[in-house]
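FYI, side chains are in, hydrogens and waters are out, and symmetry mates aren't considered; it's all heavy atoms of this structure. Treat the numbers as computed from the prediction; the structure is a model and nothing was measured.
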Amino acid sequence: MVLPTGVTARRKDAAMHVEWWSILPFAALLLCIAILPLIPATEKTWDRNLVKLIVALVLGVPIALWFILAGHPGIVTGALIEYSQFIILLGSLFVASGGIFLSGDIKATPRNNTIFLAIGGVLASFIGTTGAAMLLIRPILNTNQERKHRVHTVVFTIFIVANCGGLLTPLGDPPLFLGMLRGVPFEWTLGLWPYWLFVNVMLLLTFYALDKRSYATETAETIEKDNATQTKLGLRGGSGLLFLAVIIVAVAFVPSVDAHAIEHGTAEFADCIPWREIVMIAAAVGSLLIGNRAARYVDNKFTWAPILEVAALFIGIFLTMMPALEYLGEIAPKLPLTNITLFIFSGGLSSVLDNTPTYATFFEMISHIDGENLVAGVPEILLIAISLGSVLGGALTYIGNGPNFMTKSVADSAGVPMPSFGGYIRWSLTYLAPVLAAMVLLFLTDDLWWKALGAVLTLLLVARAVWMIAKPAKERTPQA
């Protein structure tokens, strides 16, 4: 998610005591997202973005009023600033990437799809997971438009491009950028390459196996149509790449509002100007006005529905999430702190909360722990754990990271029958969680027996992939 300026100070200096039941509205919103699309009586109603917005506000506004009346308006201000930064980043990237179209049509083979995802996994660390996901999701969908089985491709795009690929640099994911602002050297995250390589290679291998099996079940008519529509690759709307680059540079180098100063009444005029968001909005508007309209509206079939859906839901998430973050701040010091538990806590919480304040909370905790090999004043082994958890854990649910839901929404608009909230979690528990467990056992444990168990789990995952590749394919039959 977008990096909220001043979030650490807000969580620390403006804390509010809350009880466990205060997180119930947040849980209710998650249940609405998970259940209402599955109930026939509410399915069509929930599809309307206005309904999502009403539900989000009904659950979120009372929380905001409670915090304000309790004398903590700064927490609400900070949450609204974070939401504004979040939605402007996603919206500007969505608009800029919507004017870029990779023309041509290559075969939608397992090899080509895997190469697409591998490229995305590398790009994510250098242009951000959001930028990479928005840039590549449409070409991936266009390449696979003739195929019937596409859900797994979008799910693994979320796993790899929208999350796990962004581990190598502070530009890849906001928690890592926050770490850099707190003194972690820019090049330190490059040392995470063994974890990045292991997780992404295992996911790519698993995806290739799944795609190989599903490709074998496509009808002969579908394969013939895909082969017949092959054309050379080209680029339309190339100017959109310039606007996309401006947005990415703004994320890395242009300051935003000083939320801490605003909340504590010490802000000067310059502290109140959202320079970063102004640059992003200008780039998005420039893309709309100057960019290739045919690439946007004809080729990409651009609509505003995906970003409006994200905007409607996440205003409720950011507001109802406030008690959950405050409660986390209260109980976090009582949690057992090892590199393993820190990975589990930061990863599990980042799957449902904003991963940046989750990272900030645990960073603040481990800064008070003595240890060797300190990085920015914290033990390196613990910093590795919360960095891995915050980035990789965001892939476990649709709401774990901003580009997850955006990628889903774009796929929905393209006619891909994406899984429900719970359905996506089944995918992540089946294919992502075992990879993360193997990584933890191999890289974060010290006991030889645990490492041996990690090696066995890795071999089992490889064997599963090999079995899926070797599994006899069903006979292709023409479509009726």
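Thr189 and Pro170 make their closest contact through OG1-CD, 3.3 Å (heavy atoms, listed as atom of the first residue, atom of the second, distance). Looking at every heavy atom in both residues, Ser409 comes nearest to Val310 through OG-CG2, 4.3 Å. For Ile106 against Phe116, the heavy-atom pair with the smallest separation is CD1-CE1, 4.1 Å. Considering every non-hydrogen atom in both Gln85 and Ser256, the closest pair reads NE2-OG, 3.0 Å. The shortest heavy-atom contact between Gly389 and Ser346 is CA-OG, 3.5 Å. The heavy-atom pair separating Val155 from Pro419 by the smallest distance is CG2-CG, 4.3 Å.
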Derivation and outcome, side chain to side chain contact (heavy atoms under 4.5 Å, CB included), residues Ile158 and Tyr398 = CA-CA 9 Å; Ile158 296 175; Tyr398 277 139; 4.1 Å; yes
Where do Leu89 and Met280 land on the side chain to side chain contact (heavy atoms under 4.5 Å, CB included) test, with the steps shown first?
-> CA-CA 7 Å; Leu89 172 62; Met280 290 178 180; 3.7 Å; yes
How far apart are the C-alpha atoms of Leu210 and Tyr431, what are their side-chain angles, what is the distance that settles it, and do they pass the side chain to side chain contact (heavy atoms under 4.5 Å, CB included) test?
-> CA-CA 10 Å; Leu210 281 171; Tyr431 297 110; 3.5 Å; yes
Could you go through the side chain to side chain contact (heavy atoms under 4.5 Å, CB included) check for Phe243 and Ile100 one step at a time?
-> CA-CA 10 Å; Phe243 295 111; Ile100 304 169; over 6 Å; no
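The main-chain N or O of His149 is never found under 3.5 Å from a side-chain atom of Ser214 such that the two would form a donor-acceptor pair. With hydrogens and angles ignored, the 3.5 Å screen pairs a side-chain donor or acceptor of Asn404 with a backbone N or O of Gly394. Panel note: side chain Gln145, backbone Asn142; a donor-acceptor pair is recorded below 3.5 Å. Asn163 places no side-chain N or O within 3.5 Å of a backbone atom of Leu392 that could act as its donor or acceptor partner. Side chain of Ser97 to main chain of Phe94: a donor-acceptor pair is present (N/O by atom type, distance under 3.5 Å, no hydrogens or angles). The backbone N or O of Pro175 sits nowhere less than 3.5 Å from a side-chain atom of Asp173 that would complete a donor-acceptor pair. Within the 3.5 Å criterion, the main-chain N or O of Ile386 finds a donor-acceptor partner in the side chain of Ser390.
With no hydrogens or angles considered, no side-chain donor-acceptor pair links Thr42 and Thr45 at under 3.5 Å. Side-chain N/O atoms of Thr206 and Arg464 include no donor and acceptor closer than 3.5 Å. Side-chain contact annotation: Thr153 with Asn144, donor-acceptor N/O pair under 3.5 Å absent. Counted by atom type alone, Glu277 and Ser84 present zero donor-acceptor pairs between their side chains at under 3.5 Å.
Ile87 CD1 to Ile307 CD1: the interatomic distance, rounded to the nearest 0.5 Å, is 4.0 Å. Atom NZ of Lys107 sits about 9.0 Å away from atom CZ of Arg111, to the nearest 0.5 Å. One finds the OG1 atom of Thr129 at 11.0 Å from the CG atom of Leu171 (value rounded to the nearest 0.5 Å). If you take CG on Leu31 and CG on Leu24, they are separated by 10.0 Å, rounding to the nearest 0.5 Å. Atom CG of residue Asn300 and atom OG1 of residue Thr303 lie 10.5 Å apart, to the nearest 0.5 angstrom. A distance of 9.5 Å separates CG of Leu325 from OG1 of Thr320, quoted to the nearest 0.5 Å.
In this structure, Ile248 and Phe126 have side chains that are not in contact, with every pair of non-hydrogen atoms separated by 4.5 Å or more. You'll find the side chain of Thr169 stays beyond 4.5 Å of the side chain of Phe177, heavy atoms only. Side-chain contact between Asp412 and Pro306 is absent, with no heavy-atom pair separated by less than 4.5 Å. With a 4.5 Å cut-off on side-chain heavy atoms, Met406 and Asn401 do not count as touching. In this structure, the side chains of Ile63 and Phe26 stay at 4.5 Å or more apart for every pair of heavy atoms. At a threshold of 4.5 Å between non-hydrogen side-chain atoms, the residues Leu313 and Ile399 do not count as touching. The closest side-chain heavy-atom distance from Val435 to Thr458 is not below 4.5 Å. Between Ile384 and Trp188, some side-chain heavy-atom pair lies under the 4.5 Å cut-off.
In this view, Val285 and Ile281, Leu289 satisfy the side chain to side chain contact (heavy atoms under 4.5 Å, CB included) rule, not counting sequence neighbours. With sequence neighbours excluded, no residue forms a ring-ring contact (aromatic ring centres under 6.0 Å, His included) with Trp46. Residues passing the side chain to side chain contact (heavy atoms under 4.5 Å, CB included) test with Asn200 are Ile160, Cys164, Trp196, sequence neighbours excluded. In this structure Ser350 satisfies the side chain to side chain donor-acceptor pair (under 3.5 Å) test with no other residue, sequence neighbours excluded. For Thr109, the side chain to side chain donor-acceptor pair (under 3.5 Å) partners at least two apart in sequence or on another chain are Asn112.
For the side chain to side chain contact (heavy atoms under 4.5 Å, CB included) test with Ser92, the passing option among Thr130, Leu244, Ile247 is Ile247; the others fail.
Cation-pi geometry between Lys212 and Tyr215 is not met: the NZ or CZ atom fails to fall both under 6.0 Å from the ring centre and inside 45° of the normal.
Between Phe302 and Tyr297, the ring-plane angle classifies as perpendicular under the 30° and 60° cut-offs.
Salt bridge annotation for Glu146-Lys225: absent, with no cationic side-chain nitrogen under 4.0 angstrom from a carboxylate oxygen.
Remark: aromatic rings of Tyr83 and Phe314 are distant, center separation not under 6.0 Å. Proximity of the aromatic rings of Tyr195 and Phe198 is defined here by a centroid distance below 6.0 angstrom, and this criterion is not met.
Listed by first then second residue, pairs satisfying salt bridge (charged side-chain N to carboxylate O under 4.0 Å, His left out) with a partner in residues 292-316 read Lys52-Glu309, Arg236-Asp299, not counting sequence neighbours.
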